[in-house]
Amino acid sequence: MLDEKNKKHLINDQANDKVEQIHINGGFIYLFIKRSFDMVSSFIVLCIFGWFILLLMLIKWLEDFGSKSYTLDIIENDKGEYLSKNGKRYDCIVKKDSNGKKDKTVKGPIYTSIRVGKNGRLIKFHKIRSMCPGAEQMKEKLIAYGINEADDPAFKLKHDPRITKFGRFLRKTSLDELPQIWDIFIGNISVVGPRSPIPSETAKYTEHQMHRLDVKGGLICTWQITKNRNDLTFEQWVDLDLEYIRKRSLWLDFKIILKAVWFVLTDHTGE
């Protein structure tokens, strides 16, 4: 029989054993070549497609022109499109409110998000806004109603009502990601690596999930090139990222980039 002291030691040892020690593959040469590729490729893309990014920004600005804010109405409906975690169905209607209060967090067509990078360092993350102004406040309202298709702490809706008409086009073609080429160039993220989460998500991470932050985040990784990716649980998403971290190499990065291009060209990005 174990005494009380030994029982506590055994429980602690078992708990520690469950926390997997992650091997990070890729040495100095790999990191040097990876960073060189990031700088050169992002510079070339910015030179070639800079005008196109500006055009997309202009279209997004015109879409929101004349509207100070948007409102979200959530109406219970047995035949509603959105199923909450408590089993109820809702209709979610977003509409312009020209008389509403302007969302001061919106600074034009570029959305700047604070993300958590390698080892918990906070970085700035840029996208062309695919959502309407006030989207963050609407997100809290959706969560309060239990409307979330992802496992906590992540948030995801396949048909997110906050996404505007032009925003849906940007999401479907992944063009909203183009400003992140600048983030790659300055070194905040890499072309390939786990997606950098928002601070409110990482605050809910387990010790196991925190290993996603052991390497620099990226524009694309294994999750983005997985068919039916929206059907994966958050834990499966984490497992894919950790598998990449253990096996990452120049050849693996190259295969992920090729497959990501194929997914965009063959319209698999929404699956």
Side-chain angles (χ1 to χ4, degrees), residues 38 42 45-46 53-54 56-61 63-64 69-70 72 94 102-143 147-158 160-164 166-205 209-210 212-221 223-224 229-230 234 237-238 241 260 269-270:
D38 287 345
S42 59
V45 172
L46 286 171
I53 297 174
L54 292 175
L56 294 175
M57 290 169 58
L58 174 62
I59 296 173
K60 178 57 190 172
W61 179 80
E63 182 182 43
D64 290 334
S69 63
Y70 287 70
L72 168 65
V94 174
K102 185 176 180 180
D103 185 351
K104 294 182 180 180
T105 64
V106 175
K107 308 292 184 182
I110 293 293
Y111 172 65
T112 302
S113 174
I114 301 299
R115 301 294 182 104
V116 183
K118 181 180 179 181
N119 297 326
R121 183 174 71 92
L122 297 182
I123 59 173
K124 287 186 177 181
F125 196 80
H126 300 91
K127 300 175 72 172
I128 299 176
R129 277 196 306 106
S130 59
M131 294 188 177
C132 62
E136 284 301 315
Q137 291 80 2
M138 293 179 189
K139 174 183 172 181
E140 297 304 318
K141 187 173 182 179
L142 289 166
I143 292 174
I147 303 173
N148 182 11
E149 294 171 357
D151 296 326
D152 194 57
F155 177 85
K156 196 167 190 67
L157 286 176
K158 188 174 183 179
D160 197 318
R162 302 172 298 162
I163 302 175
T164 64
F166 183 60
R168 293 193 186 283
F169 166 75
L170 293 174
R171 288 281 186 102
K172 189 175 181 64
T173 57
S174 298
L175 292 174
D176 61 320
E177 310 277 2
L178 281 178
Q180 290 168 43
I181 303 300
W182 172 253
D183 298 326
I184 293 171
F185 181 71
I186 63 176
N188 278 348
I189 61 174
S190 183
V191 173
V192 182
R195 294 289 280 180
S196 300
I198 59 177
S200 61
E201 288 183 8
T202 59
K204 302 176 184 178
Y205 276 11
Q209 293 165 349
M210 285 295 289
R212 293 185 71 231
L213 307 178
D214 287 351
V215 299
K216 183 185 289 188
L219 179 64
I220 52 174
C221 201
W223 177 79
Q224 283 88 348
R229 64 187 187 185
N230 291 317
F234 180 68
W237 182 354
V238 172
D241 284 341
T269 53

Contact summary for Trp61 and Pro109, nearest pair of heavy atoms: N-CB, 4.3 Å

Donor-acceptor pair, side chain of Arg195 and main chain of Cys221, under 3.5 angstrom: no

Heavy-atom check, side chain of Asn188 versus side chain of Phe125, under 4.5 Å: no

Pairwise side-chain contact, Phe155 with Leu142, heavy-atom cut-off 4.5 Å (strictly under): yes

Salt bridge (charged side-chain N to carboxylate O under 4.0 Å, His left out) partners of Lys60, counting only residues at least two apart: Glu63, Asp64

Gap between atom OG of Ser130 and atom CD of Glu177 - 0.5 Å precision: 8.5 Å

Partners passing ring-ring contact (aromatic ring centres under 6.0 Å, His included) against Phe166 (at least two apart in sequence or in another chain): Phe169

Nearest atoms (heavy-atom pairs only) where Pro194 meets Val215: CD-CG2, 3.8 Å

Counterpart residues, side chain to side chain contact (heavy atoms under 4.5 Å, CB included), relative to Val45 (two or more places apart): Phe49, Ile181

Which residues share a side-chain hydrogen bond (donor to acceptor under 3.5 Å, both in side chains) with Asp183, sequence neighbours left out: His126

Derivation and outcome, side chain to side chain contact (heavy atoms under 4.5 Å, CB included), residues Lys216 and Arg121: CA-CA 10 Å; Lys216 183 185 289 188; Arg121 183 174 71 92; 5.9 Å; no

Distance in Å, Glu136 CD paired with Ile198 CD1, rounded so as to fall on 0.5 Å steps: 6.5 Å

Exercise: identify the closest heavy-atom pair between Gln224 and Ile220: OE1-C, 3.9 Å

Rounded distance [0.5 Å steps], CG in Leu46 versus CD1 in Ile184: 9.0 Å

Pro179 to Lys127 - nearest heavy-atom pair and separation: CG-C, 3.9 Å

Distance-minimising heavy-atom pair for Leu213 and Thr202: CD1-CG2, 4.2 Å

Results of ring-ring contact (aromatic ring centres under 6.0 Å, His included) for Tyr205 - residues two or more places apart only: Phe234

side-chain hydrogen bond (donor to acceptor under 3.5 Å, both in side chains) involving Asn148 - partner list, sequence neighbours excluded: none

Neighbour count above 12 (heavy atom, 6.0 Å) for Trp223 CH2: yes

Set of salt bridge (charged side-chain N to carboxylate O under 4.0 Å, His left out) partners for Lys156, sequence neighbours left out: none

Leu175 side chain reached by Ile128 side chain, heavy atoms, under 4.5 Å: no

Spacing of Leu54 atom CG and Leu178 atom CG [to the nearest 0.5 Å]: 11.0 Å

N/O donor-acceptor pair under 3.5 Å between Lys139 side chain and Arg162 backbone: no

Straight-line distance of Met138 CE to Asp160 CG, nearest 0.5 Å: 10.0 Å

Closest contact, heavy atoms only, Val94 versus Leu72: CG2-CD1, 3.6 Å

Non-neighbouring partners of Tyr111 that pass ring-ring contact (aromatic ring centres under 6.0 Å, His included), sequence neighbours left out: none

Residue list, side chain to side chain contact (heavy atoms under 4.5 Å, CB included) with Arg168, at least two apart or on another chain: Ile163

Qualifying residues under salt bridge (charged side-chain N to carboxylate O under 4.0 Å, His left out), relative to Glu149, sequence neighbours excluded: none

All salt bridge (charged side-chain N to carboxylate O under 4.0 Å, His left out) counterparts of Asp241, not counting sequence neighbours: Arg212

With a 3.5 Å cut-off and sequence neighbours excluded, list the donor-acceptor pairs that the side chains of residues 112-120 form with protein atoms.
| from | atom 1 | to | atom 2 | distance (Å) |
| --- | --- | --- | --- | --- |
| Ser113 | OG | Arg115 | NE | 3.0 |
| Arg115 | NH1 | Ser196 | O | 2.7 |

Neighbour count >12 (heavy atoms, 6.0 Å) for atom NZ, Lys141: yes

